[in-house]
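Read the structure below first, then the notes.
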Amino acid sequence: MRENIKKLFGKNKIARKVRQAAKWLDGKFYGCAQPPLAICVLKGSVFFFCDLVRAMRVPVQIDFISVSSYGDGKQSSGKPEITRLPSAEISGRDVIIVEDVVDSGLTLAATKSYFEEAGAKSVVCVTLLDKPSRREAPVSADFYCFTAGDEFVVGYGLDFAQKYRDLPYVGALEN
Ligand code: IMP
Ligand code: MG
């Protein structure tokens, strides 16, 4: 079955916001002795991540993590667990967590503590989408591109039951 999807943010709007996020990161890490380590939280942030690191002028290194918490539905299935760890040494590094959505905040709380406990020098989070009204954990992204309300969004990496990640725009599922 194909759900109805209401387009929210198109290609150009996304590209503009990605450039702003990259500029913000460039300002933050300009002149750093060691390149920051940008972490792609698989799979949802993959396209945002690739566009973002390529729009930055400051050199970065990249790595990947996976966090499990969602099944095939729209609700979180409890405590997030990091199921794929980064291969880079984290101790002493400036870490940029690149998220797709900060919703309840439970995933970001878990990933932030992972990097802090692993000895990161600093940890910031850039997210494509922020859903402030749904927060359960006391965390927030340091930079967000868009905000959404209590709606389920798909496209540009975001999925519903693994569908719609390949859409070039971000849209809301209509029910
Ligand atoms: P949180 O732990 O509740 O903040 O959820 C974070 C993760 O849930 C995100 O990284 C997404 O993978 C997923 N998620 C939350 N809301 C949405 C949505 O509207 N569309 C697709 N994925 C979502
Ligand atoms: Mg995610």
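These values consider heavy atoms only, across backbone and side chains, with no hydrogens, waters or symmetry-generated copies. Quick note: residue numbers are just sequence positions, from 1.
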Under a 4.0 Å N-O cut-off, is there an ion pair linking D159 with R165? yes
Minimum-distance pair of heavy atoms, taken over all atoms of I14 and V170: CD1-CG2, 3.9 Å
Between the side chain of D142 and the main-chain N/O of V124, is any donor-acceptor distance below 3.5 Å? no
Can you tell whether the side chains of K163 and E3 come within less than 4.0 Å, N to carboxylate O? yes
Could you tell me which residues satisfy side-chain hydrogen bond (donor to acceptor under 3.5 Å, both in side chains) with D51, sequence neighbours excluded, listed by chain and number? R54, Y156
Would you say the side-chain atoms of D94 and S122 include a donor-acceptor pair closer than 3.5 Å? yes
Give a yes or no on whether F29 and V98 share a hydrophobic cluster (residues Ile, Leu, Val, Met, Phe, Trp, Tyr; joining criterion: side-chain heavy atoms under 4.5 Å apart). yes
When you measure from the side chain of R135 to the backbone of L106, do you find a donor-acceptor pair of N or O atoms at a distance under 3.5 Å? no
Please list, chain by chain and in numerical order, all residues satisfying side chain to side chain contact (heavy atoms under 4.5 Å, CB included) with V154, sequence neighbours excluded. I5, F152, F160, Y164, L167, L173
Heavy-atom closest contact (D100 atom, T127 atom, distance): O-OG1, 3.2 Å
Is D63 reaching over with its side chain to a backbone N or O of P86, donor-acceptor style, under 3.5 angstrom? no
If two hydrophobic side chains count as joined below 4.5 Å and joins carry through other members, does V95 share a cluster with Y144? no
Does the side chain of K121 come under 3.5 Å of the side chain of Q34 through a donor N or O and an acceptor N or O? no
Which pair of heavy atoms, one from P132 and one from A148, lies closest together, and at what distance? CD-O, 4.0 Å
Establish whether V126 and L158 are linked, either directly or via other cluster members, by ILVMFWY side-chain heavy-atom contacts under 4.5 Å. yes
Please confirm whether the backbone N or O of K131 pairs with a side-chain atom of D103, one donor and one acceptor, at under 3.5 Å? no
